[in-house]
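Right, one structure below, let's go through it.
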Amino acid sequence: MKRIMVTGGAGFIGSHFVKYQLDIYPNIQVVNFDKLTYAGNPDNLKGVDESRHTFVKGDIADAVAVRQAMDGCDAVVNFAAETHVDRSIAGASEFIDTDVRGVYNIVEAAKTLGTSRVLLVSTDEVYGSIAEGSFKESDPINPRNPYSASKAGGELIGRSYFHTFGLPVIITRGSNTYGSHQYPEKVLPLFATNAIDHLPLPLYKGGEHNVRDWLYVWDHCSGIDRALRHGEPGEVYNVAGGNERENIVLTRRILELCGRGEDLIKLVPDRPGHDKRYSIDASKLRALDWRPTMDWDEGVALTVRWYQEHESWWRPIKTGEYLEYYKRQYGASAK
Ligand code: NAD
Ligand code: DAU
């Protein structure tokens, strides 16, 4: 692969993936196509080798712009998405535009241009909740919130292009990802930055014992890269962290790392339809010689330290639109 298009490459995982490609493959060129929504941030790309990185501001819901940017690329990896479950509950229109229509534009452009690899980054949330055991790729999907439903819609469009047109589409389903540069609406950076500021941590009441499987961002990037280069077209690969933790356990760990007490925990009304537990089995990707390498305790400590040491990154975000969102989402209950 000489030139790859990465969509959503100014967001959290996408920006790490751009750096991953430029670090690991000295001759690769990356075309980074991103709309720069509230979650996209050019600061996430500071220091990348600009001679091998071309940034294009664009919307994957714009078919012409997608085709133009993809022309000349051997592969496309789609990270671009609306990604926050709570925002999808408040209103899902943009989720449909980007996570469904946008994916359609990507596979349609790839079909027209004859792109030799299309990797759609998806999520373990498409399986829905599981009480015991772990989902395998062969299990049926059962998305239960508007975000995961829109991601499943994009996946199905992609899979239909493999079956109908032979387009070499590969799908990855990753678990909850954590690391530096994550927008502070997601639980880990939200709780870490609030704890730094002695603000309440709005833990969903009734969801304290819900379980998420934590995957370090660089491990997620290496899993996607493995599937991209060694996966079979038409196949789905789970990318699991193997670190299932209850939300209360993560919350206590963040408080401990920030030197704060449990009095900062503020139980707020639960997320509607809050999925209890996500768990996926990654043995199919492991068979391609992929392993997550980050220890959970160490990864969370590294991540919280990053937020402690990079206030200049997140303080400007936690103003304006963010504060409006915060008020709408948590209201008086978070004070
Ligand atoms: P993010 O919200 O941090 O970033 C999304 C990026 O996509 C932003 O840069 C944004 O500007 C861009 N974008 C949004 N709409 C766009 C559009 N219409 N056109 C072009 N660019 C657009 O997201 P993230 O957490 O980095 O997630 C990246 C991908 O990984 C998503 O597809 C998500 O569903 C998937 N995923 C995320 C996780 C997780 O825990 N964060 C886990 C599994 C899978
Ligand atoms: O599982 C993969 C998914 O992980 C990705 O596909 C999504 O893009 C990503 O946002 C993430 O979804 P979650 O809903 O699991 O992440 P979030 O950080 O929003 O919430 C994690 C858990 O923490 C969840 O059980 C809800 C809880 N939570 C979250 C927030 C924002 C709280 O208790 N309080 C909060 O304020």
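Counting starts at 1 for both ligands and their atoms, in listed order. Every heavy atom of this structure was used, including side-chain atoms; hydrogens, water molecules and symmetry mates were not. Remember, predicted model here, so these are calculated numbers, not experimental data.
Residue, atom and distance of the protein heavy atom nearest to atom 10 (C) of ligand 1 are Thr37 OG1, 3.3 Å. Nearest non-hydrogen protein atom to atom 27 (O) of ligand 1 is Thr83 CG2, 3.7 Å. Looking only at protein heavy atoms, the nearest one to atom 12 (O) of ligand 2 is Glu125 OE2, 2.9 Å. Counting only heavy atoms of the protein, atom 30 (O) of ligand 1 lies nearest to Val121 CG1, 3.4 Å. With respect to atom 11 (O) of ligand 1, the closest heavy atom belonging to the protein is Asp34 OD1, 2.6 Å. The protein atom (non-hydrogen) at minimum distance from atom 5 (C) of ligand 1 is Ala81 O, 3.6 Å. The closest protein non-hydrogen atom to atom 11 (C) of ligand 2 is Asn176 ND2, 3.5 Å. Scanning all protein heavy atoms for the shortest distance to atom 40 (O) of ligand 1 gives Thr177 N, 2.9 Å. If you check which protein heavy atom lies closest to atom 33 (C) of ligand 1, you get Tyr147 OH, 3.6 Å. Of the protein's non-hydrogen atoms, Ile13 N, 2.7 Å is the one closest to atom 26 (O) of ligand 1.
For atom 44 (C) of ligand 1, the nearest non-hydrogen atom from the set Gly58, Gly40, Ser122, Gly14 comes from Ser122. The residue from Ser148, Gly174, Pro202 that puts a heavy atom closest to atom 34 (N) of ligand 2 is Pro202. Which of Gly8, Ser15, Gly9, Gly11 comes nearest to atom 7 (O) of ligand 1 through a heavy atom is settled by distance: it is Gly8.
Taking a 4.0 Å cut-off on heavy atoms, Glu208 fails to register as neighbouring ligand 2. Not a single heavy atom of Tyr38 lies less than 4.0 angstrom from ligand 1. Look at Tyr183 and you'll find every heavy atom at least 4.0 Å from all atoms of ligand 1. Residue Ala10 places a heavy atom under 4.0 Å from ligand 1.
Taking the six-membered ring where the residue is Trp, the centroids of Tyr38 and Tyr183 are separated by under 6.0 Å. The aromatic ring centroids of Tyr127 and Tyr278 lie 6.0 Å or more from each other. Residues Phe79 and Phe17 place their aromatic rings such that the two centres sit under 6.0 Å apart.
Checking only distances, Leu188 never comes within under 3.5 Å of ligand 2, N or O to N or O. Geometrically, ligand 1 and Phe79 share a nitrogen or oxygen pair separated by less than 3.5 Å. No N or O atom of Ala80 sits closer than 3.5 Å to an N or O atom of ligand 1. The shortest N or O to N or O distance between His274 and ligand 2 is below 3.5 Å. Geometrically, ligand 2 and Tyr330 share a nitrogen or oxygen pair separated by less than 3.5 Å. Here's the thing with Arg212: one of its N/O atoms is less than 3.5 angstrom from an N/O atom of ligand 2.
Under the 4.0 Å criterion applied to side-chain N and carboxylate O atoms, Lys284 and Glu235 are assigned as salt-bridge partners. The existence of a salt bridge linking Asp270 and Lys205 is excluded, since no basic side-chain nitrogen approaches an acidic carboxylate oxygen closer than 4.0 Å. Note on Glu125 versus Lys151: no salt bridge recorded, every NZ/NE/NH1/NH2 to OD/OE distance being 4.0 Å or above. Lys35 has a carboxylate O that lies under 4.0 Å from a charged side-chain N of Asp59, or vice versa, which qualifies the two as a salt bridge. Remark: Lys186 does not engage Asp86 in a salt bridge, criterion side-chain N to carboxylate O under 4.0 Å.
Applying the 4.0 Å criterion to heavy atoms of Asp124 picks out, from ligand 2, the atoms 1 (O), 2 (C).
Within the 4.5 Å cutoff, the side chain of Pro233 has heavy atoms near those of the Phe162 side chain.
Taking a 6.0 Å sphere around CD of Glu256, one finds it holds more than 12 heavy atoms contributed by other residues, nucleotides or ligands.
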